S.K.: 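Okay, handing you the structure first.
Residues: numbered from 1 along the sequence shown. All figures in this text were calculated on a predicted structure; none of them were measured in a lab. One-based numbering, in listed order, for ligands and for the atoms of each.
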Amino acid sequence: MKTKVYIIKDPKVDEKKIVEAAEIIKNGGIVVFPTETVYGLGADALNEKAVEKVFMAKGRPQDNPLIIHVASKNVELYAKEVPEVAKQLIDKFWPGPLTVILKKKDIIPGVTSANLDSIGIRMPDDEIARKLIELSNTTIAAPSANISGRPSPTDFQRCIEDLDEKVDCILGGEQSNIGVESTIVDCTVVPPIVLRPGGITLEMLRGVDSGIQLDKAIMQKPQENLKPKAPGMKYKHYSPNAKVTVITGERKKTIEKIKEMVHYNIEKGKKVCILTVEENVNEYTDGVSIVIGSIKDLSTVARNLFEALRKCDDLGADIVLAEGYEEKGVGIAIMNRLNKAAGFDIIEV
Ligand code: TXA
Ligand code: MG
């Protein structure tokens, strides 16, 4: 299949391209589009055949449900019950990087929700994304626009790398500002539970409802016998081809341990990449250091994390050593992604 790639500098000036992409969605095609979290691969969520194409293009397991994307807060169109706390969360954080899980209406086909009776819904804070949804005149089901298992794309070039000739159209916008996928809150239970941490932090959510809890599974290695609440959490994720290890603990000790591991691996003839921050980069003299942000502003780390993992592949790294972060604020989302990328190979010093 020939993929149309349209770069959009200004959604108003380039509206024609979004109109064309919306026509593709209406006709049952699949389209990559930018969002503030990561790029998404979208289809008409109400069209089974179109949604199946999304699973095919990504190589995604069928039992992993999709999030539907809306351009209005009128979630009653798709949700059977909207608890008060969900209304408040929507009011406060939409448009933005928050997905609420609600009981679904029958209008949402089983392929979209992987036959669950609930559905994740979010309104992206990206003009191109919302325009596309509005013009498509439906709700758009969209997982991240990567081949299943690879790091989510925050840049349209990475979408081309993964999905060229597998999708009908790619809308290229700016680099995703948040850089990790949306926070997912299950609002079908009391108290609501965070199933996936993201840009909307636990602290922010608790400003709305102090009872909101983090799912314990978030920071643990998935257990064979335990069925995760978000089916996607059991799969290997965000992995570059290299072997990733996370080293956490006190700053000086972390740096020492990483240096030791760099030398050990270089001796063995391995190519080593270090994921570090601007405050620490000068400590490392060997291996290839990739600066992903600043310890003083973890949102920079979240923004650059997935791109850095992909860069390790570009560089042909065998081993990736990543510094750990404090599990606070957006640090929880960063550590969740890093731990998964590492297959929970974590060294505490
Ligand atoms: O930021 C995002 O959410 C991005 C952009 C494109 O919007 N999308 C995204 O979709 O990350 P995806 O498919 O890569 O991740 C969706 C996650 C999966 O782990 C899935 O299992 C979980 O959401 N999920 C979806 N519906 C669910 C439901 N009804 N109950 C529990 N978990 C659900
Ligand atoms: Mg994904």
S.K.: Please could you name the atoms of ligand 1 that Thr37 approaches to less than 4.0 Å, counting only its heavy atoms?
M.R.: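 Matching atoms, with element in brackets: 1 (O), 2 (C), 4 (C), 5 (C).
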
S.K.: Under 3.5 Å, is there a donor-acceptor pair linking the side chains of Arg122 and Thr37?
M.R.: yes

S.K.: With heavy atoms of Ser182 as the reference, note each atom of ligand 1 found under 4.0 Å away.
M.R.: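 Counting atoms of ligand 1 from 1, those under 4.0 Å from Ser182 are 1 (O), 2 (C), 3 (O).
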
S.K.: Can you see whether Ser182 engages Arg196 through a side-chain donor-acceptor pair at a distance of less than 3.5 angstrom?
M.R.: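 Yes - a donor-acceptor pair under 3.5 Å links their side chains.
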
S.K.: Hey, is His69 one of the residues with a heavy atom under 4.0 angstrom from ligand 1?
M.R.: yes

S.K.: From Ser144, does some N, O or S atom reach closer than 2.8 Å to the Mg ion (ligand 2)?
M.R.: yes

S.K.: Tell me, yes or no, whether the heavy-atom count around Glu203 atom CD, taken from other residues, nucleotides or ligands under 6.0 Å, exceeds 12.
M.R.: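 Enclosed: over 12 neighbouring heavy atoms sit under 6.0 Å from CD of Glu203.
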
S.K.: Provide the number and element of each atom of ligand 1 under 4.0 Å from a heavy atom of Asn64.
M.R.: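 Listed by number with element: 18 (C), 20 (C), 21 (O).
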
S.K.: Closer than 4.0 Å to some heavy atom of Ser118 - which atoms of ligand 1 meet that?
M.R.: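 That gives atoms 28 (C), 29 (N), 30 (N) of ligand 1.
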
S.K.: I need the contact type for Ala142 against ligand 1. Using non-hydrogen atoms and a strict under-4.0 Å cut-off, is it side chain, backbone, both or neither?
M.R.: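 Backbone only.
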
S.K.: Numbering the atoms of ligand 1 from 1, which are under 4.0 Å from a heavy atom of Ile184?
M.R.: 17 (C), 22 (C), 23 (O)

S.K.: With heavy atoms of Leu116 as the reference, note each atom of ligand 1 found under 4.0 Å away.
M.R.: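 Those of ligand 1 that fall under 4.0 Å from Leu116 are 28 (C), 29 (N), 30 (N).
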
S.K.: Hey, are Asp125 and Arg130 close enough for a salt bridge, meaning a charged N less than 4.0 Å from a carboxylate O?
M.R.: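 So Asp125 pairs with Arg130 through a salt bridge.
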
S.K.: Got a salt bridge between Glu20 and Lys17, using NZ or NE/NH1/NH2 to carboxylate O under 4.0 Å?
M.R.: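 No, no charged N to carboxylate O under 4.0 Å.
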
S.K.: Using only heavy-atom distances, determine whether the side chains of Glu323 and Asn280 contain a donor-acceptor pair under 3.5 Å.
M.R.: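 Distance-only check passes for Glu323 and Asn280.
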
S.K.: Look at atom NZ of Lys87 and say whether more than 12 heavy atoms of other residues, nucleotides or ligands are closer to it than 6.0 Å.
M.R.: yes

S.K.: In this structure, are over 12 heavy atoms from other groups packed under 6.0 Å from Lys105 atom NZ?
M.R.: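 Enclosed.
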
S.K.: Test of understanding: given a 4.0 Å heavy-atom threshold, classify the contact between Met123 and ligand 1 as side chain, backbone, both, or neither.
M.R.: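 Neither part.
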
S.K.: For ligand 1, which is the ligand I care about here, please tell me if Thr35 has any N or O atom under 3.5 Å from one of the ligand's N or O atoms.
M.R.: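 No: no nitrogen or oxygen of Thr35 is under 3.5 Å from one in ligand 1.
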
S.K.: As an exercise, identify every atom of ligand 1 less than 4.0 angstrom from a heavy atom of Leu195.
M.R.: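 What qualifies from ligand 1 is 31 (C).
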
S.K.: What about Glu181: any of its N or O atoms under 3.5 Å from an N or O on ligand 1?
M.R.: no

S.K.: Assess whether atom NZ of Lys26 is packed by more than 12 heavy atoms of other residues, nucleotides or ligands within 6.0 Å.
M.R.: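 It does: Lys26 NZ has more than 12 such atoms within range.
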
